[in-house]
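Take a look at the structure set out below.
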Amino acid sequence: MNLWYRKPAENWNEALPLGNGKIGGMVYGNIVDEQISLNDEGVWYGGGDTNRNNPDSLKNLGKIRELLFNGEVNKAEELAKISMYGTPRNMRHYETLGDLYIKHKNINENNVKNYKRGLDINNAIAWVEYEFQGISYRREYFISHVDGVMIIKYTSSEKKALSLTMNLDRKKKFLDKMGKLNENTIMMSGVTGGKNGLAFNAACKLIGVGGEVYTIGETIVGENLDEAIIVFSSDTDYSNDNPKSAVINRLDNINYEGYDVYKNNHIKDYKRYFDNMKLKFEGKAYDNLPTDERLNLVKEGKVDIGLINLYFHYGRYLLISCSRPGGLAANLQGIWCEDVDPIWGSKYTININIQMNYWLTGPCGLLELNKPLFNLIDNMRESGRITAREMYNSKGFVAHHNTDAFGDTAPQSHTIAATIWPLGAAWLCTHIWEHYLFSLDREFLKEYYPIMKESAEFFEDYLVENKEGYLVTGPSVSPENTFILENGQEGNLCMGPTMDIQILRLLFTDCIEASKRLNIDSEFRNKLEVMVGKLPPTKIGKYGQIQEWAEDYEEKDLGHRHVSQLFGLHPSNEISLEKTPELAKAAKVTLERRLKNGGGHTGWSRAWMINFWARLQEGEKLFNDLQSLLSNSTMNNLLDNHPPFQIDGNFGAVAGICEMLLQSQNGSLEILPSIPEELKNGEVVGINGRGSFELDFKWINGKITYLKVKGKPGSSFKLKIKKENSIKGNDINKEVVINNNGEYILEN
């Protein structure tokens, strides 16, 4: 469970990530000039209320729809660009906090021996070790959720061998104040840009054993130390009225004598999530090689089963490190961001990316980590109501393809292929029902059902009838893709793209089922049942593919990264091998066309492919895409490469591996539905299925040799195992009941 390397990181993309949900750090592991890139989840540009909704949207909505229904796509788009884009066009973005620099004096790095650095994901601790002139040096780094601080410990095999200087800094011109608080502590502070920018404070202190510690200007100096402990913390007024006091108090609470206590408390807190699940595929593993060298072998075509194990657990590690209850949701880069003005704003892109971040929570037993996501959705409601009313004259709430830490819901950017897509909140709200299906937590459902309902209420007013009498969305897009009209013109804006309809079919069905479970809202339920019946069906196009738009247009980019028309296959369950074999066949054609033409070229897109193939039970294709993800879209620190870095591919791949092992979306627990030959031996402990079931099982040569299902005593489920995965060589498809001990054990 270690990522490790024989040399320091050469840049940010090779550094190793640490996080406690709020504070993030990227550790370079430099010998002399150590650098740790710092983040705080509350460092966002601007702050406070804003209304970016275009005041001319509503008065032009009807005209744009008329143009689209009449096939005048380009005219509709030109009008939409000036009347429906947000004003201003971009919402607020996430920013880097700065950097901590630690200079290790009196060392010549050219003469250093036996250098290693690594990240122990079993305990969430980074480490560096090396030798110089017969002296061994070691560092440990961790960010404690319990104490709200980063702690770094420098040790050496001889006394008085450590002489250090420390500085904090932020990108040029983006820092207001820097200086010492006392002889061993410095603090930097500032305000992010924009009106009502957020105030931030960040401080570090040096605790030395032996030797001397003092501060000159904005530099902490430690001379001739036996050991050194560096403590860092940060906060902002995004969620804390007095971030400076909070930071100082956290630093004051840390002393040298308590190091082992802080470390053990950190490990214990982290492991209550990480130890929820275990997974090990058996097979060839190059565990004796550094991680970057292992990746290079995969790029050469070799299979490293041990690296797949590491990559899977690394994904779980990352979500635990960047999404904790009480904090903000994981953004496009989790919590780790290098820039003051990052690409795509490092914010929340909600036409798949943030949703993908949280697909793994149910199967991996990490439902508690969903809380920041649900807080994000709730935070969007106030702004979303205004957007719904001012842009569409609709009740309920709506969001487009982005949001930020302040819940902005107006259209983002000036890209017609993406901007005007009002299904972002609707997709997010389906995560509420998913959370319930895995937890069966009635109190949770009771609390969050009103959010689902309010999203569905928007579409009561927003949907319009097309000439066939179906209810359709529009103006909308199939996210980020472009079609070609018969006259050769290109277009994006349309009425009733397939993904929209599939999302609404799922959202409405989720609301219907939730109201039944809670025994409430029968009148609204009846409305939704009528509306579901008037949504158009998913169609098969002229190439045998799932049709992406209401019309069977040609695609400009046959290898497009989005495969939006397959939302019904995954994450929804509208398309399945058993219930809709013709649609499943068409979904396979769709994927093959995408991949043949260069699809899956971004990390998250390739991760989505893994989930699709799992649902289609194509194990070998799944494995090929997993190998491709590692060889083409994974950086040396195992972070996902869009490019550039985006974290969703890490999380999506973990979810896809879970889908390979267990599927529960169709009312049964199906074991090993998509296991490839290369992963035919293994064991999993603590994987979860819908219905609040937890499973442990082992398999040899693809056949189940042991299975335990844990659940509520007396509850029942349908167990499915294909004959090729059954030790007896026969299909298993039967209803079983959890016994009074809360378990069911398969007897072979």
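- A donor-acceptor pair shorter than 3.5 Å can be found between the side chains of E554 and Y543.
- The two residues Y392 and P422 have their closest heavy-atom pair at OH-CB, 4.0 Å.
- The CG atom of N492 sits 10.0 Å away from the CD1 atom of I420 when rounded to the nearest 0.5 Å.
- Residue D510 is tested with E434, H431, M452 for a side chain to side chain contact (heavy atoms under 4.5 Å, CB included); the sole match is M452.
- Side-chain N or O atoms of N402 include none that pairs as donor or acceptor with a backbone N or O of Q412 at under 3.5 Å.
- Y358 and F651 have their aromatic ring centers separated by at least 6.0 angstrom.
- How far CG of N733 is from NZ of K720: 5.5 Å, rounded to the nearest 0.5 Å.
- Closest non-hydrogen pair, L493 versus F483, comes out as O-CZ, 3.4 Å.
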Practice prompt. List the steps and the verdict of side chain to side chain contact (heavy atoms under 4.5 Å, CB included) for V464 and T473.
Written response: CA-CA 7 Å; V464 294; T473 59; over 6 Å; no
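- Counting heavy-atom neighbours within 6.0 Å of K542 NZ, excluding the residue itself, gives a total above 12.
- Formation of a donor-acceptor pair under 3.5 Å by the S57 side chain with backbone atoms of S83 is found in this model.
- The two residues F697 and L672 come nearest to each other via the heavy atoms CE1-CD2, 3.9 Å.
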Worksheet item: Going through the distances and angles, do R525 and E513 end up as a salt bridge (charged side-chain N to carboxylate O under 4.0 Å, His left out)?
Response: CA-CA 9 Å; R525 182 197 317 155; E513 292 302 313; over 6 Å; no
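- Formation of a donor-acceptor pair under 3.5 Å by the R594 side chain with backbone atoms of V589 is not found in this model.
- Between the SG atom of C511 and the CE atom of M531 there is a distance of 10.0 Å, given to the nearest 0.5 Å.
- Within a 6.0 Å radius of CD in E486, no more than 12 heavy atoms belonging to other residues, nucleotides or ligands are found.
- Between the side chain of Q502 and the backbone N or O of T538, no donor-acceptor pair lies under 3.5 Å.
- Judged by the 6.0 Å distance and 45° axis criteria, R517 is not positioned over the aromatic ring of Y436.
- N53 and T387 share a side-chain donor-acceptor pair at under 3.5 Å.
- Between the side chain of N370 and the backbone N or O of L373 there is no donor-acceptor pair closer than 3.5 Å.
- Under a cut-off of 6.0 angstrom, the local environment of CD in E523 is sparse, with at most 12 non-hydrogen atoms contributed by other residues, nucleotides or ligands.
- With a 6.0 Å radius and a threshold of 12 heavy atoms from other residues, nucleotides or ligands, E578 has its CD atom at or below the threshold.
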Worksheet entry | Residue pair W421, D500: steps toward the side-chain hydrogen bond (donor to acceptor under 3.5 Å, both in side chains) verdict | CA-CA 9 Å; W421 184 72; D500 285 16; 2.9 Å; yes
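- For the pair N725 (side chain) and G702 (backbone), a donor-acceptor distance under 3.5 Å is present.
- Ring geometry, W427 versus F567: the interplanar angle exceeds 60°, so the pair is classed perpendicular (tilted spans 30 to 60°).
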Practice prompt. Check the pair F397 / F458 against ring-ring contact (aromatic ring centres under 6.0 Å, His included), numbers first and verdict last.
Written response: CA-CA 6 Å; F397 84 107; F458 167 78; 8.7 Å; no
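- Shortest non-hydrogen contact noted between G619 and P676 is O-CB, 3.3 Å.
- A donor-acceptor pair is defined here as one N or O able to donate and one able to accept, closer than 3.5 Å; such a pair exists between the side chain of R606 and the backbone of G600.
- Using the six-membered ring where Trp is involved, W359 and H570 have ring planes that are perpendicular, over 60° apart on the 30 and 60° scheme.
- The backbone N or O of I350 sits less than 3.5 Å from a side-chain atom of Q355, completing a donor-acceptor pair.
- Under the 3.5 Å distance criterion, with hydrogens and angles disregarded, no donor-acceptor pair is assigned to the side chains of N573 and Q663.
- The environment of K556 atom NZ is sparse: at most 12 non-hydrogen atoms of other residues, nucleotides or ligands sit within 6.0 angstrom.
- By the 30° and 60° cut-offs, the orientation of the rings of Y462 relative to F459 is perpendicular.
- K723 NZ: 12 or fewer foreign heavy atoms inside a 6.0 Å radius.
- Interatomic distance, CD of Q627 versus CG of N632, reported as 10.5 Å (0.5 Å rounding).
- Note on ring orientation: taking the six-membered ring where Trp is involved, the planes of F374 and F444 are tilted (angle from 30° to 60°).
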Practice prompt. Show your working on side chain to side chain contact (heavy atoms under 4.5 Å, CB included) between W549 and N481 and close with a plain yes or no.
Written response: CA-CA 10 Å; W549 296 276; N481 206 358; 3.8 Å; yes
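- A 4.5 Å side-chain heavy-atom check between I540 and Q545 finds every atom pair outside the cut-off.
- Nearest heavy atom pair, residue S515 against residue D521, reads CB-CB, 4.2 Å.
- More than 12 heavy atoms of other residues, nucleotides or ligands sit less than 6.0 Å from atom NZ of K722.
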Fill in: From CA spacing to verdict: side chain to side chain contact (heavy atoms under 4.5 Å, CB included), Q565, M499
CA-CA 5 Å; Q565 65 271 42; M499 182 190 229; over 6 Å; no
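- Taken from CZ in F508 to OG in S455, the straight-line distance is 8.0 Å, to the nearest 0.5 Å.
- If you take CG on L662 and CG on L669, they are separated by 6.0 Å, rounding to the nearest 0.5 Å.
- Distance alone, capped at 3.5 Å, places no donor-acceptor pair between the N611 side chain and the P571 backbone.
- Of the candidates E460, E465, E529, E465 is the only one forming a salt bridge (charged side-chain N to carboxylate O under 4.0 Å, His left out) with K534.
- Within 6.0 Å of NZ in K63 there are 12 or fewer heavy atoms belonging to other residues, nucleotides or ligands.
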Fill in: Verdict with reasoning, E78 to K75, per salt bridge (charged side-chain N to carboxylate O under 4.0 Å, His left out)
CA-CA 5 Å; E78 289 307 309; K75 288 183 179 179; over 6 Å; no
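- Side chains of K718 and K734 form no contact here, defined as non-hydrogen atoms less than 4.5 Å apart.
- Side-chain contact, D648 with N353: a donor N or O sits under 3.5 Å from an acceptor N or O.
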Discussion item. If you apply the rule side-chain hydrogen bond (donor to acceptor under 3.5 Å, both in side chains), what do you find for E670 with Q617, and how did you get there?
Written reply: CA-CA 11 Å; E670 185 165 6; Q617 301 192 1; 3.2 Å; yes
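- Between K588 and L616 the shortest side-chain heavy-atom distance falls below 4.5 Å.
- Nearest heavy-atom pair across N74 and E490 is ND2-O, 3.0 Å.
- For the pair H560 (side chain) and D557 (backbone), a donor-acceptor distance under 3.5 Å is absent.
- For the pair K453 and F524, the cation sits on the ring face: its NZ or CZ lies under 6.0 Å from the ring centre, inside 45° of the axis.
- Checked against a 6.0 Å centroid threshold, the rings of W608 and H562 do not count as neighbours.
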